[in-house]
Undergrad: 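The structure follows.
Bear in mind that the values here come from a model prediction, so they are computed numbers and not experimental data. Throughout, residue positions are numbered sequentially from 1 according to the sequence presented.
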Amino acid sequence: MLQYLRKVRASFNGGLVINPGLVSVHEIKIEFSISKGISSSPNSAEIKLYNLAETTRNGMGKEFDAITLEAGYMPPAGMAGPGVLNYRRNENGVYVSDFGRVATEYSGNVGIIFKGAVRDVEHKREGTNIITTIACGDGDAAFRRATISKSYPSGTPVKDVIDDIAKQMEAKGLSRGEFKYPEALEGKTFKRPYAACGSCVRELDTIGRGNGFYWSSQNETLELVPSDGFVGTVALITPETGMIGTPAITDNGVRVSALLNPEIRPNRRAQIKSQTLEMNAADGMYRVSECTYSGDNYTGEFKVDITGEAIKGGKVDEGIKR
């Protein structure tokens, strides 16, 4: 993957876009730190925007306002090629060419690294800069407001209850994404009457613990995977594609850093190839369980730190459970 110029774009509901279009020399500085994982703990982001106009600063800050942050690499406008005018977003929010390939040489690999809601906004002067700091959460409205109150007779399929909970969360802004159920859940029913009452988050946590799956919000989309499974695409991480340093092997997986790539996401796989270490997964394949994006569109870091669990025999090595 070829890296050219950094691109970071922030979009807010109401049509406000910071740094629209391709890379330019007068872009607003945007700094970010984003933490994501496969558990039901909400993904979070801290986004800093430098020296916004006063009218722009005054126009943001309401709790639950939508915010989307895109980041990646793009060539300068003068290097525009056939991919620039024809790129589109795929289902992961990554720009691809008309042929479905992730656009690199021409249109870059800019994609969504966070989509969520504003929690809090602070404006602060530091030296000559006025910094707007936005704290954000992924799926906050659904996590805090979605509730259910429904009773089910004995013999009700467990998946029917999950579907009802998902509908309540969808009504609060969390769209339904990929659901991959554990094999043991196929055809499983409640042996006794079941009452789902209260927070949808708590109900999903309870059902998940008892039935071997993780659920999470990924860019305002509800996803469900088996505790030993995964969904979606594979991101290749090698020294040639942006690996930073050397991977660290753990008991049941790996930790590694790479240049920022929006294709690297929780619940998906990363194939890691090292020239100096033998990987502890079949063909170097891991499920991304945690990732942290950090950097800005000017200088310094622009990377993703990844924690992965080894995949062996098509299943995730969950390690020793205590």
Undergrad: Decide yes or no on side chain to side chain contact (heavy atoms under 4.5 Å, CB included) for Ile311 and Asp317, but give the supporting numbers first.
TA: CA-CA 6 Å; Ile311 298 175; Asp317 179 2; over 6 Å; no

Undergrad: Answer yes or no: are there more than 12 heavy-atom neighbours, outside Glu186 itself, under 6.0 Å from its atom CD?
TA: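 Yes, the 6.0 Å shell around CD holds more than 12 heavy atoms from other groups.
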
Undergrad: Ignoring hydrogens and angles, write down the donor-acceptor pairs under 3.5 Å from the side chains of residues 125-132, residues two or more places apart or on other chains.
TA:
unit_1, atom_1, unit_2, atom_2, d
Asn129, OD1, Asn51, ND2, 3.0
Thr132, OG1, His123, ND1, 2.9

Undergrad: Hey, mind stepping through Leu277 and Thr246 against side chain to side chain contact (heavy atoms under 4.5 Å, CB included) and telling me if it holds?
TA: CA-CA 8 Å; Leu277 284 178; Thr246 304; 3.7 Å; yes

Undergrad: Which pairs would a plain distance check flag for residues 200-210, meaning a side-chain donor or acceptor within less than 3.5 Å of a matching protein atom at least two apart in sequence or in another chain?
TA:
unit_1, atom_1, unit_2, atom_2, d
Arg202, NH2, Cys197, O, 2.9
Glu203, OE1, Tyr194, OH, 2.7
Glu203, OE2, Cys197, N, 3.2
Asp205, OD1, Ser40, OG, 2.8
Asp205, OD1, Trp215, NE1, 2.9
Thr206, OG1, Arg202, O, 3.0

Undergrad: Please test Tyr50 against Tyr298 for ring pair (Phe, Tyr, Trp, His ring centres under 6.0 Å), starting from the C-alpha separation and ending with a verdict.
TA: CA-CA 11 Å; Tyr50 284 67; Tyr298 273 54; 8.2 Å; no

Undergrad: To the nearest 0.5 Å, tell me how far Leu259 CG sits from Phe302 CZ.
TA: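 The CZ atom of Phe302 is 9.0 Å from CG of Leu259, to the nearest 0.5 Å.
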
Undergrad: For Arg176, does the CZ atom sit with more than 12 other heavy atoms under 6.0 Å from it, leaving out its own atoms?
TA: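 Yes, the 6.0 Å shell around CZ holds more than 12 heavy atoms from other groups.
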
Undergrad: Just checking, Lys180 and Phe230: is the charged tip under 6.0 Å from the six-membered ring centre and within 45° of the axis?
TA: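 Pair Lys180/Phe230 counts as cation-pi.
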
Undergrad: Val231 and Arg268: side chain to side chain contact (heavy atoms under 4.5 Å, CB included), yes or no, with the steps?
TA: CA-CA 5 Å; Val231 296; Arg268 277 82 183 153; 4.0 Å; yes

Undergrad: Which distance, rounded to the nearest 0.5 Å, do you find between the CG of Asn267 and the NZ of Lys36?
TA: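 One gets 10.5 Å once the value is rounded to the nearest 0.5 Å.
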
Undergrad: Inspect the contact between Arg255 and Asp305 and indicate whether a charged nitrogen and a carboxylate oxygen are less than 4.0 angstrom apart.
TA: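 Result for this pair is no, no salt bridge flagged.
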
Undergrad: Suppose we screen for side chain to side chain donor-acceptor pair (under 3.5 Å). Which residues come up paired with Thr156, at least two apart in sequence or across chains?
TA: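 Result, side chain to side chain donor-acceptor pair (under 3.5 Å) vs Thr156: none returned.
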
Undergrad: Under a 3.5 Å cutoff, is there a donor and acceptor pairing between the side chains of Asp283 and Gln271?
TA: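 Per modelled atom types, Asp283 and Gln271 side chains form a pair under 3.5 Å.
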
Undergrad: Below 4.5 Å, heavy atoms only, C-beta onward: do Asn219 and Arg265 meet side chain to side chain?
TA: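 In short, these two side chains touch, coming nearer than 4.5 Å.
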
Undergrad: Do you know which of Asp138, Asp140, Asp65 makes salt bridge (Lys or Arg N to Asp or Glu O under 4.0 Å) with Arg119?
TA: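 One option only clears the test, and that one is Asp140.
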
Undergrad: Run the side chain to side chain contact (heavy atoms under 4.5 Å, CB included) check on Leu260 and Tyr293 step by step: do they pass?
TA: CA-CA 7 Å; Leu260 194 142; Tyr293 307 95; 4.3 Å; yes

Undergrad: Under a plain distance cut-off of 3.5 Å, with no hydrogens placed, do Asn211 and Lys188 share a side-chain donor-acceptor pair?
TA: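 Result is yes, a qualifying pair exists.
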
Undergrad: Given Ser294, which of Glu31, Glu46, Glu301 fulfils the side-chain hydrogen bond (donor to acceptor under 3.5 Å, both in side chains) condition?
TA: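 Per the side-chain hydrogen bond (donor to acceptor under 3.5 Å, both in side chains) rule, the option paired with Ser294 is Glu301, out of Glu31, Glu46, Glu301.
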
Undergrad: Can you establish whether the number of heavy atoms outside Lys7 located under 6.0 Å from its atom NZ is more than 12?
TA: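 Enclosed: over 12 neighbouring heavy atoms sit under 6.0 Å from NZ of Lys7.
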
Undergrad: CG/Asp251 to CG/Asn280 distance, rounded to the nearest 0.5 angstrom?
TA: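 If I round to the nearest 0.5 Å, the distance is 9.0 Å.
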
